Asker: 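Dropping a structure here in structure tokens format, bear with me for questions.
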Amino acid sequence: WNFLPRFDMSHHWTQRNMLSFCTGLPEKLRVSDMMCWIQDFRDYVVDSGGRFPVPFPELFDSLVGKFAQVGLTGIQSSKDFLWLRGNEVKASYMMATIDVSKYGSTSSAMEHKANWDEYLNTWNLESQSLARGAWHTASLWVRADAQSQLISSTISTLVIVLVLAFVGMVAFTKDFGLSLYVVLATIAVIAGLMFFIIVVMQWAIGAIEVIALIVFIGYAVTYSLHIAHCYGSAEALEQEDRDAQPAQSAQRPKEGDATSAGREAEFEAAGTESSRSREKSLDAARAREIRCRRTEFAFSSIGSAALGSAVTTMGCAVFLLFCTLTIFKKLGAVVMTVTIMSIFVALGPLPAVLLSVGPLQPGRRLMPRLTVIRRFLDELSSGAYFGTSDSDEHSQEEGDGRDAEMPSTPAGSHGGSAHGDTVFVAR
């Protein structure tokens with residue numbers, strides 16, 4: 001930092017402007033006490049028989065040097081409010097005590113900061129050019145601005161975390177529908193946690209509250225993810241699939257049957273149909289049975305373990321509620337709340353949704369696409385030809401045979417068809 005080169009405290013208009021800054025404070029700034037050295041300097045000059053503002057720069061510097069040694073502003077030495085180089089005032093500051101709680105809400109603090117911004121901007125515009133350049137600061141402004149930026153970035157952070165959670169859940173469940181249900185369950189838990197923090201406990205949104213919302217998303221996801229993963233597990237209908245295999249083999253066409261070729265073609269066409277078409281072919285009773293079996297398997301395999309995990313988590317967090325430090329009390333309350341809400345949503349609303357509209361064949365919509373991508377990558381790594389047909393490759397082989405009878409060509413030239421080179425992927 002450096003001093004403003006144009007600032008000149010010895011100028012009489014600068015002295016007037018500085019004094020008016022302290023005496024013209026509006027009520028909306030809510031100043032309860034003002035430590036203004038220029039007022040004390042004026043009283044010092046007048047009591048010494050002088051004139052204020054001091055008209056001559058040399059006289060002003062001399063008086064300020066003496067005042068800095070003996071003067072008091074409030075209970076502090078007036079010299080503490082001045083930046084002196086010799087007896088020349090290069091900069092100064094005033095300190096105001098305002099009737100605003102430093103623990104108040106961010107919105108009220110930012111509103112009060114805007115009032116000071118308005119007052120300083122007006123004062124700088126109306127002051128003499130040698131006095132301009134004033135600015136204000138306060139620990140309340142720093143905290144409020146940090147919280148404002150923290151709150152504004154919380155929404156974007158939550159969106160990013162939820163998107164990443166959705167991607168991770170797709171990787172585990174291999175089904176977009178199940179992943180979407182888990183994300184919606186997570187959003188419900190986060191909304192409930194925000195209601196608890198803002199409405200029930202009436203905490204001001206600060207760093208602890210925002211961090212709790214973001215960090216404890218993992219708790220909100222865990223139980224619902226386990227239920228959804230077990231619902232989509234292949235083991236859920238494993239016994240039923242074994243029982244259905246003999247009936248399916250009895251319905252397959254025999255070799256030599258007159259209609260076997262046509263039925264095989266129908267089976268191949270059915271294999272390429274989407275999972276939505278296969279689900280529509282199931283009647284409503286069959287669909288309810290499948291969803292019920294999958295949900296029952298999820299409860300029997302992971303429900304008791306999830307409930308036990310929630311109980312142990314709450315048992316560990318309950319001791320934080322009796323701590324002396326506020327941060328530990330808040331963290332304990334948040335852990336208790338998010339755990340209760342998460343296990344409730346995972347064992348209540350989520351299974352109800354799965355029973356009603358859960359996917360009948362989880363992963364069937366995504367796995368064929370992954371298979372196609374895997375085959376494409378395998379073909380690419382094995383050096384398969386692209387942009388050519390079988391006839392082109394056959395003609396290329398014939399051209400290679402003819403090239404053996406033709407004179408050798410220079411490097412870089414191509415013999416064969418006149419329509420151009422065949423593009424292929426190098427092996």
Side-chain angles (χ1 to χ4, degrees), residues 98-113 137-166 168-169 182-227 305-350:
I98 57 177
D99 188 16
V100 177
S101 175
K102 63 180 180 179
Y103 302 108
S105 63
T106 301
S107 58
S108 62
M110 296 303 295
E111 180 181 357
H112 197 67
K113 178 179 179 295
T137 185
S139 58
L140 178 60
W141 308 156
V142 177
R143 183 186 65 83
D145 186 65
Q147 289 185 347
S148 177
Q149 296 296 327
L150 190 64
I151 293 172
S152 63
S153 62
T154 299
I155 297 177
S156 59
T157 303
L158 288 176
V159 171
I160 294 174
V161 171
L162 288 174
V163 170
L164 294 177
F166 177 80
M169 285 180 283
V182 175
V183 168
L184 293 178
T186 303
I187 293 175
V189 174
I190 294 175
L193 181 60
M194 293 179 64
F195 178 84
F196 173 79
I197 291 175
I198 299 174
V199 179
V200 178
M201 302 303 296
Q202 296 184 352
W203 294 337
I205 298 298
I208 299 176
E209 291 74 20
V210 171
I211 292 173
L213 286 174
I214 296 174
V215 171
F216 290 107
I217 289 180
Y219 284 94
V221 173
T222 301
Y223 302 123
S224 298
L225 176 59
H226 287 321
I227 295 295
L307 184 60
S309 174
V311 171
T312 56
T313 301
M314 290 185 291
C316 295
V318 70
F319 296 100
L320 294 175
L321 300 177
F322 304 100
C323 292
T324 303
L325 296 179
T326 303
I327 182 173
F328 292 127
K329 288 184 177 180
K330 288 186 176 182
L331 289 177
V334 169
V335 171
M336 293 282 292
T337 303
V338 74
T339 303
I340 293 173
M341 291 183 177
S342 299
I343 195 64
F344 171 76
V345 171
L347 300 182
L350 180 60

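Computed from a prediction, not measured in an experiment: that's the story for all the values here.
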Asker: Test side chain to side chain contact (heavy atoms under 4.5 Å, CB included) on Thr339 and Phe216; report intermediate values, then the result.
Answerer: CA-CA 9 Å; Thr339 303; Phe216 290 107; over 6 Å; no
Asker: CD1 of Ile160 to CD1 of Ile155: how many Å apart, nearest 0.5 Å?
Answerer: 12.0 Å
Asker: Can you name the closest pair of heavy atoms from Leu321 and Gly332 and give their distance?
Answerer: CD2-C, 3.7 Å
Asker: Minimum heavy-atom separation for Met169 to Leu225, with atom names?
Answerer: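 In this case the closest contact between Met169 and Leu225 is CG-CD1, 3.5 Å.
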Asker: Any donor and acceptor pair, going by atom type alone, linking the side chain of Ser224 with main-chain N or O of Val221 inside 3.5 Å?
Answerer: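 It does not hold such a pair.
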Asker: If I take atom CD1 from residue Ile211 and atom CD1 from residue Ile327, how far apart are they, to the nearest 0.5 angstrom?
Answerer: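 Those atoms lie 8.0 Å apart.
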Asker: Going by heavy atoms in the side chains, are Met336 and Leu320 under 4.5 Å from each other?
Answerer: no
Asker: Let me confirm one number: the OG1-CD1 distance from Thr337 to Ile197, rounded to the nearest 0.5 Å.
Answerer: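 The CD1 atom of Ile197 is 8.0 Å from OG1 of Thr337, to the nearest 0.5 Å.
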Asker: So, taking the atom named OG1 in Thr326 and the one named CD1 in Ile208, what distance separates them when rounded to the nearest 0.5 Å?
Answerer: 7.5 Å
Asker: Do Val189 and Leu193 make a side-chain contact, defined as non-hydrogen atoms from C-beta onward lying under 4.5 Å apart?
Answerer: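 They are not in side-chain contact.
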Asker: Check Leu213 against Met194 and note the closest heavy-atom contact, atom names and distance.
Answerer: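 Taking Leu213 first and Met194 second, the nearest heavy atoms are CD2-CG, 3.5 Å.
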Asker: Have a look at Ile227 and tell me which of Thr222, Val182, Leu350 forms a side-chain contact (heavy atoms from CB on, under 4.5 Å) with it.
Answerer: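 The residue from Thr222, Val182, Leu350 that satisfies side-chain contact (heavy atoms from CB on, under 4.5 Å) with Ile227 turns out to be Leu350.
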Asker: To the nearest 0.5 angstrom, please state how far the NZ atom of Lys113 sits from the CD1 atom of Ile98.
Answerer: 12.0 Å
Asker: Considering all heavy atoms of both residues, which atom of Ala306 and which atom of Tyr223 are nearest to each other, and what is their separation?
Answerer: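 Nearest heavy atoms, Ala306 then Tyr223: O-CE2, 3.6 Å.
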Asker: Would you say that Val334 contacts Trp203 through its side chain, given a criterion of any heavy-atom pair below 4.5 Å between the two side chains?
Answerer: yes
Asker: So do Val318 and Met314 actually touch side chain to side chain, heavy atoms under 4.5 Å?
Answerer: no
Asker: First locate atom OG1 of Thr106, then atom CG of Leu140, and finally report the distance between them rounded to the nearest 0.5 Å.
Answerer: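 Separation between the atoms: 9.0 Å.
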Asker: Using distance only, find each side-chain donor-acceptor pair of residues 341-348 under 3.5 Å and give its atom names and separation, not counting sequence neighbours.
Answerer:
unit_1, atom_1, unit_2, atom_2, d
Ser342, OG, Tyr219, O, 3.3
Ser342, OG, Val338, O, 2.6

